[in-house]
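Keep in mind that this is a model prediction, so the values were computed, not measured. Hydrogens, waters and symmetry mates are skipped; everything else that's a heavy atom, side chains included, is used.
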Amino acid sequence: MRFPVAATLVVALAPALVGQEPTDTVMLTPVVVTATRLPTPADAVPAAVTVLTGEALRSQGIRTVAEALRTVPAAHVVVTDAYGSQTSLFLRGGNSDYVKVLIDGVPQNAPGGAYDFANLTTDNVERIEVVRGPVSVLYGSDAVAGVVQIFTRDGRGSTRGDVTVSGGTYGSGSVTANIAGGDERAGYAVGISRFSSDGVYPINNQYRNDVLSGRVRLRPDRRTDGTLAFRYDDALYHFPTDGAGDTVSNNQRQLDRGPSLGLDLGRRFSSRLEGRLNAAWHRENYQYAIGPNGPADTTTFPFSSSDWTTRTGLDARINATLPRSDVVTLGVALEREAMAGTTLDTARTRNDGAVSLQLQTGPERPVTLILGARLEDNERFGTYATYRTGLSARVREGVRAIASLGTGFKEPSFYQTFATGFVHGNPDLMPEHSLSWEAGLEYTSLSRSVTARATYFDQRFRDLIQYTAAPLGPDSTNYVNLSNAAARGVELAVQAALGGGLSVDATYTYLDSRDGTTNRRLQRRPTHAGGLRLGQAIAARGTAMLSAEFTGDRGDYDYRTYPATPVTLPPHTRVDLAGTYDVVRGHGAAPGLAFDARIENLLDARYEDVKNFPARRRTVLAGGRLQFGR
C-alpha cells in the first residue's frame, strides 16, 4: 500500500510538534454553535468539529467555501473543471447530497439534499463550522454525513470597511466591498461582490457570480436579541461540454439565482429559561440549457429546464438550564418545501413537522454527555425517528477521549419522486438513512500551542435511491430504494504554533468506502488524502501560506462509452502559495492599503477530479485592498 507524502509528513511531524515548549503564540479554543445549537467550547463537544475563520481564509486568498473545505479532514471536494462548474463535497465518504449547508441558520440545499458549492464565496464570512457525522437530530433531512454552517459578519465597534479589486489567469477578475459597525445594542454588516472568468475552454466557458449579503442585529434590552440575515446570489455559467467531457456546444449555459432570509429571535425569561425562534426562507431558480437570448440549446441533450424550489421553515426551542449547567432543549420544527417548473408535471409541495429533545451536560464537567432524539412527520413518507448520543471524557490534563453514535436520514428529491417524461419518478420512495459511530483521542499542550487529534469513524448507509435506466413498463419507475454502502476510516490532524509567527497544520484521512452490491469503491472518493500547510507572519504586517494537498487514486467512470467504463484516476498533489501584506497601515480617517496574491496549483500539476474534465492549471490571482476604520 502506497502511503502519500502528506500523510508521511503528518506522522513525522506529530511527535516533534507535541513535544514543543510553550511559544509566543496561543491558539484560543473556539466556541461552536452548530454541533449542539448551544454555544459550547469546541474541546467539550463529543463530535469532530472544525472551525475556519473568515479572516484567516481571506488572508490566504481563499475565495470560495469549497476551497476552504479542502483543509478539513475527511472532506473531499470535487470540481468539474472551470470556475462555476459543478462542485461537490463528499464528507467521510458519504454521498454529495449527505451534507446540510446552512447560512446563518437558513438551509441552502434543494429539497432532497443536493447542493452545488460552485457559487458559495467567503465574502462577508465571519466563520465556517463543519460538523462531521450525522446531525439529523438537530437539522432533520440531509444532515447524514455532517453539516456545514456559514456565519456572516456581525458588526461591532466603529464603522469599518474594505474594497478589494483583483485579477489574474483565465481572464479572472473580482471586486468586493464590505462595511460593518455597531455596538452592544445594534450592529450591521453588508457585503457585495462580483467574480468573473473566461474559463478554461476556448469557447463558451465564461462565468460570473454576483452576491449581496448582510446581517442586522438588535438588542433592545439585556434579555432580548434579534438578528436578520439576508443573501442574494446570481450566477451564470457557460459550458461547452456534454456529460462525457466532449466539446459540443457554443452557447449552452446554466443560471442559478435566488434570495435567502433568516430571522433569529431570542428571549431569556429567567436565569434558567431561554426561548429561541428561527424563521428561514430560501428560494432558488435553476435554469439549464438556455441560449443567449432565452431559447433552449439542446445540442448536447434534448432537454432544457427552469425550476423554482422554495424552503420555508420555523424552528422554536426552549432551553432549560438545570443545576451544574446541564441544559435540556425541547424543539419544534415546521417546514414547507415546494418545487415548480418544467421537470415536473405539476407544482409539488410537502410539509414536514418534527419534535426533538436534547440533554447536554455542563462543559466544565470532566465527563460531558449529549443525548438527543427527533421524530419527523412527513406527509410523503410518514414518520421517521433519529437519535444521537455522544461522550467526551478528560482522561488527563490536556487529553480527552470522545465517542458518539447516531443516525441520519435524507428525504428523496422532488425529481426522484415526481419526474415525468424521459425519467419517471417514484412517489413510493422512502428516505435514505444511516447508522454511524466514531471514537477518538485529542491532545492539547499545556501552552495550548499544539493540538493533535485522531478519530476512527464507521458509517453504514441503507435504502440508497438508485437510478435504473430502462423502466419495464408504462407504470414502472426509474428510481428505487435498492442500494446500500459503507464508509469507514481514520482522520488525523495536527495544528501547532511554533513561535516566531510560524504555524503548521497537517491532516491525513484514510477512507474505505464500498458499494454494498458491487464492493467497488464509491465513485470519486480517494482512499488516501492529506494536506500540509505552513503559515508565516511577516513583520506584523502580513502573512504567507504554503500548502500542499495530496489526493490518492480514486475510482470513476468514463461516460464516453455505453455502458460507462470503470476507470481509476491517478493520485496528484496540488501546491498553493498565498500571501497578504499591509503596504500602508490605516490610521484614524486615513485608509490603509494591502496587497494580496494567491497562486493555485503552483507546480502546474495535471490532474482530473472528474474523468475527461481537466482541472485548472497554474492560476495566479493578485490585487489590492483598501481598508478604512481599522
Side-chain angles (χ1 to χ4, degrees), residues 6 9 13 23-25 27 51-72 77 83 121-128 160-178 191 193 195 197 495-507 531-550 573-587 591-605 615-628 630:
L9 288 171
L13 280 171
T23 65
D24 59 355
T25 305
M27 294 180 291
V51 179
L52 308 171
T53 66
E55 182 179 0
L57 296 175
R58 286 184 289 273
S59 71
Q60 299 169 35
I62 294 179
R63 188 188 61 81
T64 66
V65 173
E67 286 298 319
L69 294 174
R70 291 183 186 274
T71 67
V72 176
V77 176
Y83 290 116
T121 64
T122 57
D123 307 315
N124 202 30
V125 168
E126 181 70 26
R127 72 185 189 279
I128 302 171
R160 64 191 185 279
D162 59 78
V163 177
T164 303
V165 179
S166 66
T169 313
Y170 300 119
S172 302
S174 71
V175 178
T176 66
N178 299 282
S193 70
F195 179 84
S197 172
Q495 291 179 303
L498 304 180
L502 178 64
S503 64
V504 176
D505 182 356
T507 59
L532 179 64
R533 290 160 288 279
L534 303 175
Q536 177 66 59
I538 304 173
R541 281 182 171 266
T543 58
M545 174 70 71
L546 178 66
S547 64
E549 303 293 337
F550 173 86
T573 299
R574 194 183 103 171
V575 178
D576 299 337
L577 177 64
T580 181
Y581 190 79
D582 291 331
V583 180
V584 178
R585 287 183 170 177
H587 185 268
L593 178 64
F595 175 76
D596 302 310
R598 178 176 173 85
I599 306 176
E600 297 177 353
N601 197 2
L602 176 67
L603 303 182
D604 202 25
R616 296 190 300 271
R617 304 288 297 276
R618 183 186 296 115
T619 305
V620 180
L621 299 169
R625 178 163 32 95
L626 191 67
Q627 307 165 102
F628 62 89
R630 296 184 68 182

(request) Look up atom CG in Leu602 and atom CZ in Arg574, then write down how far apart they are to the nearest 0.5 Å. (result) 11.0 Å
(request) Check Leu621 against Ser172 and note the closest heavy-atom contact, atom names and distance. (result) CD2-CB, 3.9 Å
(message) When you measure from the side chain of Arg160 to the backbone of Phe628, do you find a donor-acceptor pair of N or O atoms at a distance under 3.5 Å?
(response) no
(message) Among residues at least two apart in sequence or on other chains, which ones pass side chain to side chain donor-acceptor pair (under 3.5 Å) with Arg617?
(response) Asp604
(request) Applying salt bridge (Lys or Arg N to Asp or Glu O under 4.0 Å), name anything that partners Arg533, two or more places apart in sequence or on another chain. (result) Asp505, Glu549
(message) Here's one to test your reading of the geometry: is the NZ or CZ of Arg63 within 45 degrees of the ring axis of Phe195 and under 6.0 Å from its centre?
(response) yes
(request) Any chance you could measure Ile538, atom CD1, to Thr543, atom OG1, to the nearest 0.5 Å? (result) 6.5 Å
(request) Compare every heavy atom of Ser193 with every heavy atom of Thr176, then report the nearest pair and how far apart it is. (result) CG2-CB, 3.5 Å
(request) Measure the shortest side-chain to side-chain distance between Leu532 and Val504 over non-hydrogen atoms and say whether it is less than 4.5 angstrom. (result) yes
(message) Minimum heavy-atom separation for Ala68 and Thr71, please, with both atom names.
(response) O-OG1, 2.8 Å
(request) Would you give the length of the straight line joining atom CG of Asn124 to atom CG of Asn178, rounded to the nearest 0.5 angstrom? (result) 5.0 Å
(request) Report yes if the side chains of Thr122 and Leu52 come closer than 4.5 Å at any heavy-atom pair, otherwise no. (result) no
(request) Provide the closest heavy-atom pair for Asp582 versus Gln627 in the form atom of the first, atom of the second, distance. (result) OD1-NE2, 3.7 Å
(message) Tell me if a side-chain donor or acceptor on Arg58 pairs with a main-chain N or O of Val125 at a distance below 3.5 Å.
(response) yes
(request) To the nearest 0.5 Å, tell me how far Leu498 CG sits from Ser503 OG. (result) 7.5 Å
(request) Enter the distance from Leu57:CG to Leu69:CG here, rounded to the nearest 0.5 Å. (result) 9.0 Å
(request) Of all the heavy-atom pairs spanning Ser174 and Ser166, show the shortest one and how long it is. (result) OG-OG, 2.6 Å
(message) Looking at Asp596 and Arg598, is there a salt bridge between them, counting it only when a charged N and a carboxylate O are closer than 4.0 Å?
(response) no
(message) So which atom in Ser59 and which in Thr580 form the shortest heavy-atom distance, rounded to 0.1 Å?
(response) O-CG2, 3.6 Å
(request) State the CG-CG distance between Asn601 and Asp576, to the nearest 0.5 angstrom. (result) 7.5 Å
(message) Looking at Thr64 and Glu67, would you say the former's side chain and the latter's main chain have a donor-acceptor pair under 3.5 Å?
(response) yes
